[in-house]
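First comes the structure, then the notes that go with it.
Below, chain A is the first sequence line, B the second, and so on; all start at residue 1. None of these values were measured; they are calculated from a predicted model.
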Number of protein chains: 2
Amino acid sequence: MNSVNFYQGQSRFLIAVDCVILGFIGNEIKLLTFRRKIEPNQGGLSLLGGFMSDNEDIDQAASRVVKNLTGLENVYMDQVAAYGKINRDPGERVISVAYYALINIDDYKNSIIADSGAKWVNLERIDELIFDHKQMVCDAIVKLRRQAALFPIGFNLLPERFTLTQLQMLYESIYGEKLDKRNFRKKILGMGILERLDEKDKINSKRGAYYFVFNKEKYHRMLEKGFVFAI
Amino acid sequence: MNSVNFYQGQSRFLIAVDCVILGFIGNEIKLLTFRRKIEPNQGGLSLLGGFMSDNEDIDQAASRVVKNLTGLENVYMDQVAAYGKINRDPGERVISVAYYALINIDDYKNSIIADSGAKWVNLERIDELIFDHKQMVCDAIVKLRRQAALFPIGFNLLPERFTLTQLQMLYESIYGEKLDKRNFRKKILGMGILERLDEKDKINSKRGAYYFVFNKEKYHRMLEKGFVFAI
DNA sequence: GCAAAAGTGTTACCTGTACACCCATGG
DNA sequence: CCATGGGTGTACAGGTAACACTTTTGC
């Protein structure tokens, strides 16, 4: 068979990326949403998305979409899945690849946001999302939970310096359940991948809570020796 | 913005599905491979793939591809990921969505295989695969391990009736490690989702080993009560 | 001095893991 | 009678989960 003919006889499709952009705000995981600017479903609550171009990998397309909107680069992103139901986009057939992105809210505040109507919403509001975006968010959360339990990716949602209370509330928000303070601290400090600073956060308490930083280099050195992160 | 113009200004892409078809043969997980029939890489060892058509979901495309080759329907399949590097297919840009399929070798033997050159190979041979198919298989195995540990999907790789020894060897092959016979039996029988038949398999031993079947209905009833499969 | 969050150890339970011998049968 | 795979129970260790009080300090 002639390969040129074979390839050319096939249908071609629009490919989109949709980004489940998550931030940790007010001690809760929130989702960055938009009001859709085009028909169909103009004005509907939507994930941030965009079409893939010829000159980029899918991963690059997802990064570009996040960067164009938030101004942020080097954002931690991971693919969730491909969504390909025939009528998932009522406008026209579009196959979409969903990604989740973990952004540090401090970086976000410092970045320049285009006139976008972007809005952080609680995860309880995902029922309002258009198309199959709700499914994408659910799948993203499932994947995030699994990954966050096995790899130290949660730190991407926190500022450089954070308190153990903040860190605990982050994990509580990811897992959707309360954790025991003493057990949590024992476990995370026992791993030896956090460094305590001398400075304290005096904003959230009178006594003040020590700041910690995640020691990435130490973590990677420990990885080589078979260490596995688990929280 | 006019949505018709907006959609139409975008690039369109070939979309393929590639299937990591796994079977349990000779007490080992094996991969169904093909000699590629078209250029580029004609004759190279390849996963079974096909292009997506306009009139089907991605999931349906994957099922169709498996059915066309093996004759099997209702095969257990799960999406692995989307692969979208620019040059992943040297022939032309193709975005591929990989799936893994678990097939029962007894069904396969009874099915009519087209003149396909299909060949079961050991997982050690994945280095020979073309394009990024090796990556797909690796990702598929990782996902299979995670899923098989939490859901009773391994039974899709076994005949209706199986012995505990067979079942254990299946899990050993999935996880790539030996398991303790007594602990394995204690755990799997303790879940109460297997039914022992009165018949024995006398082929593999003189004494004979009881056949078991997976009681799907009971499993689903237990799920409602919060049961979690774990092996 | 009191309210509000930070910080700190011990115990009980349970799950996971290691381990070795007898049984049944066909040839 | 012997070789082959089938089938069975226990004990120990390590990890998880439950639990409450003292400290600090700004107001």
| note | From CZ of A:Arg182 across to C1' of D:dC21 the rounded distance in Å is 8 Å
| request: Give one of base, sugar-phosphate or nothing for A:Thr163, where a contact means two heavy atoms less than 4.0 Å apart. | output: nothing
| message | In this structure, how many angstroms lie between the P atom of D:dA18 and the CG atom of A:Asp180, rounded? | response | 8 Å
| Start at the 5' end of DNA chain D and walk down; is the nucleotide closest to B:Ser205 or to A:Lys200 reached first? | B:Ser205
| What about A:Lys206: does its side chain form a donor-acceptor pair under 3.5 Å with the base of D:dT23? | no
| Is it the case that B:Arg88 places NZ or CZ above or below the six-membered ring of B:Phe131, under 6.0 angstrom from the centre and within 45 degrees of the axis? | no
| Salt bridge flag under 4.0 Å for residues A:Lys134 and A:Asp139 | no
| request: Report yes or no: is the cationic atom of B:Arg196 (NZ for Lys, CZ for Arg) under 6.0 Å from the centre of the six-membered ring of B:Tyr210, at an angle within 45° of the ring normal? | output: yes
| task | Return the value, rounded to whole Å, for the distance between atom CG of B:Leu167 and atom P of D:dG6. | result | 13 Å
| Between A:Glu172 and A:Leu179, is there a donor-acceptor pair closer than 3.5 Å when you use the side chain of the first and the backbone of the second? | yes
| Trace of the ring pair (Phe, Tyr, Trp, His ring centres under 6.0 Å) decision for B:Phe162 with B:Phe155 | CA-CA 9 Å; B:Phe162 48 85; B:Phe155 300 113; 5.5 Å; yes
| task | Specify the separation, in whole Å, of atom CG of B:Leu179 and atom P of D:dG7. | result | 17 Å
| query | Considering only heavy atoms from C-beta outward, does the side chain of A:Val80 approach that of A:Met136 to under 4.5 Å? | reply | no
| field | Stretch residues 169-176 of chain B: residues that reach within less than 4.0 Å of DNA chain D through a heavy atom | value | none
| message | Under 4.0 Å, counting only non-hydrogen atoms across every strand here, what does A:Lys181 touch: a base, just sugar-phosphate, or nothing? | response | base
| So, is A:Arg207 near the phosphate of D:dG26, with a side-chain N or O under 4.0 Å from OP1 or OP2? | no
| note | When rounded to whole Å, the CZ to P distance for the pair B:Phe184 and D:dG6 reads 13 Å
| task | Find which nucleotide of DNA chain D each of B:Asn183 and A:Asn183 is nearest to by heavy atoms, and output the residue with the more 5' nucleotide. | result | B:Asn183
| request: Let me know which of B:Ile21, B:Val20, B:Val17 forms a side-chain contact (heavy atoms from CB on, under 4.5 Å) with B:Leu47. | output: B:Val20
| remark: Separation of D:dG14 atom P from A:Lys187 atom NZ, nearest Å, is 18 Å
| field | Basic-acidic side-chain contact under 4.0 Å: B:Asp78, B:Lys143 | value | yes
| query | In whole angstroms, how far is the P atom of D:dA18 from the NZ atom of A:Lys178? | reply | 15 Å
| Note, B:Lys119 side chain near B:Leu32 side chain (heavy atom, < 4.5 Å) | no
| request: Answer with base, sugar-phosphate or nothing: what part of the nucleic acid does B:Lys202 contact at a heavy-atom distance below 4.0 Å? | output: sugar-phosphate
| remark: B:Leu189 CG to D:dG9 P, in whole Å, measures 12 Å
| remark: Nt span of DNA chain C in reach of chain B heavy atoms at under 4.0 Å, 5' end first, is C:dT17 to C:dG26
| query | For B:Asn204, which contact category applies under a 4.0 Å heavy-atom criterion: base, sugar-phosphate, or nothing? | reply | sugar-phosphate
| field | Polar contact flag, side-chain donor to acceptor under 3.5 angstrom, A:Asp198-A:Tyr211 | value | no
